[in-house]
There are 4 protein chains.
Amino acid sequence: MTESKLRELYEQNLRQMDNLTEKQQNILKAALSLFAEQGFDATSSSQIAKRAGVAVGSVYQHFHNKRELLMAVLTPLTKSVFSQAADQFIDKTLDKDYNSLEQFIRALVADRMLFISNNREEFKIMLGQLLSDNQLGPELNHAFNEQPKTTAFPIIDRLKKKKLIIDYPNDVIVQFVFGPLVTFFGKIILAIKPMPIDQEINYAVGLIVNGLTPRSN
Amino acid sequence: MTESKLRELYEQNLRQMDNLTEKQQNILKAALSLFAEQGFDATSSSQIAKRAGVAVGSVYQHFHNKRELLMAVLTPLTKSVFSQAADQFIDKTLDKDYNSLEQFIRALVADRMLFISNNREEFKIMLGQLLSDNQLGPELNHAFNEQPKTTAFPIIDRLKKKKLIIDYPNDVIVQFVFGPLVTFFGKIILAIKPMPIDQEINYAVGLIVNGLTPRSN
Amino acid sequence: MTESKLRELYEQNLRQMDNLTEKQQNILKAALSLFAEQGFDATSSSQIAKRAGVAVGSVYQHFHNKRELLMAVLTPLTKSVFSQAADQFIDKTLDKDYNSLEQFIRALVADRMLFISNNREEFKIMLGQLLSDNQLGPELNHAFNEQPKTTAFPIIDRLKKKKLIIDYPNDVIVQFVFGPLVTFFGKIILAIKPMPIDQEINYAVGLIVNGLTPRSN
Amino acid sequence: MTESKLRELYEQNLRQMDNLTEKQQNILKAALSLFAEQGFDATSSSQIAKRAGVAVGSVYQHFHNKRELLMAVLTPLTKSVFSQAADQFIDKTLDKDYNSLEQFIRALVADRMLFISNNREEFKIMLGQLLSDNQLGPELNHAFNEQPKTTAFPIIDRLKKKKLIIDYPNDVIVQFVFGPLVTFFGKIILAIKPMPIDQEINYAVGLIVNGLTPRSN
DNA sequence: AATGAATGAGCGTTCATTCAT
DNA sequence: CATGAATGAACGCTCATTCAT
């Protein structure tokens with residue numbers, strides 16, 4: 001699946017979203033929960049139909065095959081990760097003139113950790129696809145590479161000028177900040193009961209900030 | 001699948017390993033690569049047979065069903081993760097009387113990052129199963145919880161006594177150290193070209209150590 | 001398979017019978033003839049599909065596995081043998097006040113011999129299953145033991161009181177009457193051309209009646 | 001399979017029987033019991049090998065395929081039924097100058113009922129084959145038709161001359177005598193516990209004799 | 001003679017997808 | 001639009017049979 005295809009799909013899906021009948025919405029919900037519970041491959045069309053309370057044929061009325069249904073399920077997520085979220089984030093953080101590293105990290109970590117927590121099912125599905133779909137990886141790769149350049153990098157650069165952040169390459173810093181987030185998600189996958197999310201955030205922020213703060217000597 | 005079952009499987013597989021004919025070895029290799037490329041469910045028996053250069057029936061001669069084959073593929077990994085690795089690690093680190101935090105972190109990060117790098121295919125497969133097999137999670141969970149208590153926790157405690165490490169809960173510290181390792185694995189999954197592994201290690205160690213080192217004031 | 005399961009199956013099949021599409025009816029017919037010709041195990045799903053003129057998948061649309069199809073095929077028989085037949089028989093014979101042994105035997109033999117003749121294919125299938133399915137035997141055993149007690153035994157008792165029948169145990173008498181019926185079925189299995197059925201009945205009735213009639217001295 | 005083929009097989013098997021190693025004998029025994037328990041189709045070569053305590057390949061050393069093994073198992077039976085038994089019977093009964101019907105019937109029924117009881121496993125297997133193998137029926141049919149003509153018919157004719165037996169066609173009489181025998185075998189198949197064999201014989205003989213004895217008036 | 005790994009056709013069954021109603 | 005019976009390719013797996021050792 002090329003990027004253009006994804007965008008096409010996304011946009012056609014977006015258009016559909018508005019027209020979606022109640023039955024279609026139910027199909028989407030049923031698919032989401034089943035894909036998350038059992039994986040995409042292990043979920044059959046008839047299972048989706050049953051949980052949605054419709055006939056099998058109805059599943060194929062709007063979503064012309066199972067893969068298209070998967071994309072429709074994933075679309076709001078990719079949208080959130082790569083555009084909406086970014087935009088929101090720029091509004092929230094770039095506009096404010098962050099003077100302290102902690103303010104910046106806390107805002108970012110809190111935002112993303114809640115995002116992960118709220119969209120855990122979609123993330124699980126997406127990760128599952130990532131592992132088996134060899135074309136999905138490079139595409140997200142691109143997004144992961146490009147997005148921070150326009151959002152996080154400028155902030156980091158400003159913090160660097162003020163000597164408020166350690167002088168490591170920007171991508172290394174971003175990657176480091178992502179560590180606790182990814183670990184948090186890992187706990188969800190492993191069904192490890194996380195601490196209350198506030199605590200998770202506090203500990204993560206404390207350690208990241210300490211890690212990124214330059215030593216005086 | 002209970003833990004005892006897993007151990008049974010592992011031991012019977014180990015016994016088989018020795019008796020394995022060349023064709024059976026090929027089947028194991030073929031299964032490993034195909035599971036990693038496409039996922040377990042998406043890989044058919046006939047595909048495995050074809051890549052191994054054998055007949056379908058031969059796949060089932062020693063591995064009585066596909067799941068047993070999966071276990072045979074994953075066995076060396078689980079072994080390494082949960083026993084061998086732990087044992088080695090205790091030898092390597094506990095015996096030496098680590099005086100500096102960096103020595104400890106570097107030893108651990110280098111060891112585990114190489115381990116991840118060397119077993120990336122098996123890890124991808126295991127993660128894939130984790131997402132769809134609801135019984136695998138809790139089992140590994142247990143291992144993840146218990147193992148550090150006997151290996152890493154004593155070292156952390158000693159470092160705490162010497163004020164060489166920040167006074168956070170032990171499990172939070174362990175989780176934080178795992179962050180860059182998990183992120184590193186994430187890059188592999190996303191097919192993001194990592195830096196040379198030495199650099200990955202150096203940056204990770206630098207940031208983790210800085211994050212865990214107490215501030216004087 | 002417990003009796004309740006059989007009854008469940010029977011009732012759910014009965015419900016299906018009405019809903020059965022023409023293709024499904026063809027599947028039932030094809031299965032019946034193939035099971036009778038070749039036995040249950042030796043008949044493949046694809047063979048059934050081919051003879052029914054449908055796709056393999058259609059065989060499994062209503063009958064969820066081959067065994068359920070077998071039961072659907074046998075159901076009309078078990079129904080007739082163990083309920084309908086019994087009921088009819090009670091109506092036909094118990095109500096009439098049989099005064100002569102011959103009347104009773106002739107009614108019974110004629111009825112059952114026609115029944116065997118009309119359902120020879122189903123009987124062959126059932127016998128085949130009886131030989132390989134160790135759970136079917138005891139179940140029918142029960143039915144064979146219980147049914148006569150409520151239908152034939154009272155009549156025999158009355159005939160005994162009137163000294164119209166030999167004073168042997170009731171079950172021995174029933175078993176003796178069944179002899180020619182079973183032999184008749186044996187001829188069908190061996191593809192031995194039977195005589196015209198009227199003759200078969202006349203001879204059997206003559207010999208059975210003579211066998212059961214008490215000698216004066 | 002033509003009759004000549006059966007005879008060929010039988011004779012070649014007979015020759016083999018003498019050369020049979022202990023392992024081969026075990027294979028024969030294992031096959032017999034398994035075929036009787038589960039049916040021919042449901043019994044796999046490896047199952048036979050396991051029960052016989054040999055390797056799969058050994059099963060095919062003497063018996064070149066499963067069907068040949070079946071024949072080897074069935075041969076002693078067909079032999080007994082159609083030649084040995086007949087010969088023995090002629091010796092036992094024809095030579096004696098039966099004056100009473102009961103003597104004749106008792107000898108015959110006792111002999112055959114014990115024969116059935118002793119060879120119940122082989123009979124079950126043979127019946128199973130009879131139901132699925134459309135070529136076996138006519139062959140046995142022939143044997144069933146021809147054998148009595150040379151053994152039982154002359155005796156019956158002599159009894160008729162002495163007015164000791166009812167004047168029904170010979171084949172009807174034979175068929176009637178077989179009734180209780182077949183019913184007895186039916187009980188074995190249905191796993192219905194029979195009475196002590198002496199009782200079974202006594203009741204059967206009593207009823208058959210009564211059935212075949214002419215009434216004075 | 002005995003072994004058991006290897007073979008591949010064939011089995012029962014599933015399921016994404018289509019289409020007449 | 002919705003339905004669900006029909007389709008047939010594909011799957012996991014079995015097993016009679018072969019053959020190198």
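Order of the sequence lines fixes the chain letters, A, B, ..., with proteins taken first and strands second; residue numbering starts at 1 for each chain. Side chains included, hydrogens not; waters and symmetry mates left out as well; all remaining heavy atoms used. All values reported here derive from a predicted model rather than from experimental measurement.
Between C:Ser45 and E:dG12, a side-chain N or O to OP1/OP2 separation shorter than 4.0 Å is present.
Counting all heavy atoms, side chain and backbone alike, A:His64 lies closest to A:Gln61 at NE2-O, 4.3 Å. Residues A:Leu131 and B:Leu127 approach most closely at CD1-CG, 3.8 Å, considering heavy atoms. Across all non-hydrogen atoms, the minimal contact from C:Gly39 to D:Ser132 is N-CB, 4.4 Å.
Checking C:Ser44 against A:Ser46, the closest nucleotide of DNA chain E that is more toward the 5' end is the one next to C:Ser44.
B:Tyr60 contributes atom OH, which lies 11.0 Å from atom CD of B:Glu68 (distance to the nearest 0.5 angstrom). For the atom pair B:Lys23 NZ and B:His62 NE2, the distance stands at 12.0 Å (nearest 0.5 Å).
Look at CG on B:Leu69: it is 15 Å from C1' on F:dC11, rounded to the nearest Å. In this structure, C:Asn65 places its CG atom 17 Å from C1' of F:dG12, rounding to the nearest Å. To the nearest angstrom, P of E:dT14 lies 17 Å from CD1 of A:Ile48. Nucleotide E:dC15 holds its C1' atom 14 Å from the CG atom of B:Asp41, rounded to whole Å. Rounded to a whole Å, the CG atom of A:Leu70 is 12 Å from the P atom of E:dT17. For A:Glu68 and E:dA16, the CD to P distance is 15 Å, given to the nearest whole Å. Straight-line distance from the OH atom of B:Tyr60 to the P atom of F:dT14: 8 Å, rounded to whole Å. Look at CD on D:Gln25: it is 15 Å from P on E:dA1, rounded to the nearest Å.
At a threshold of 4.5 Å between non-hydrogen side-chain atoms, the residues C:Arg67 and C:Gln129 count as touching.
Counting only distance, with no hydrogens or angles, the side chain of C:Gln24 and the backbone of C:Thr21 share no donor-acceptor pair below 3.5 Å.
If you check F:dT18 for Watson-Crick or wobble pairing at under 3.5 angstrom, you find it paired to E:dA5.
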Distances under 3.5 Å between nitrogen or oxygen atoms of protein and nucleotides 3-6 of chain E:
residue	atom	partner	partner atom	Å
E:dT3	OP1	D:Lys23	NZ	3.2
E:dT3	OP2	D:Ala55	N	3.2
E:dT3	OP2	D:Ser58	OG	2.5
E:dG4	N7	D:Gly57	N	3.0
E:dA6	OP1	B:Thr21	OG1	3.1
E:dA6	OP2	B:Gln24	NE2	2.8
E:dA6	N7	B:Gln61	OE1	3.1

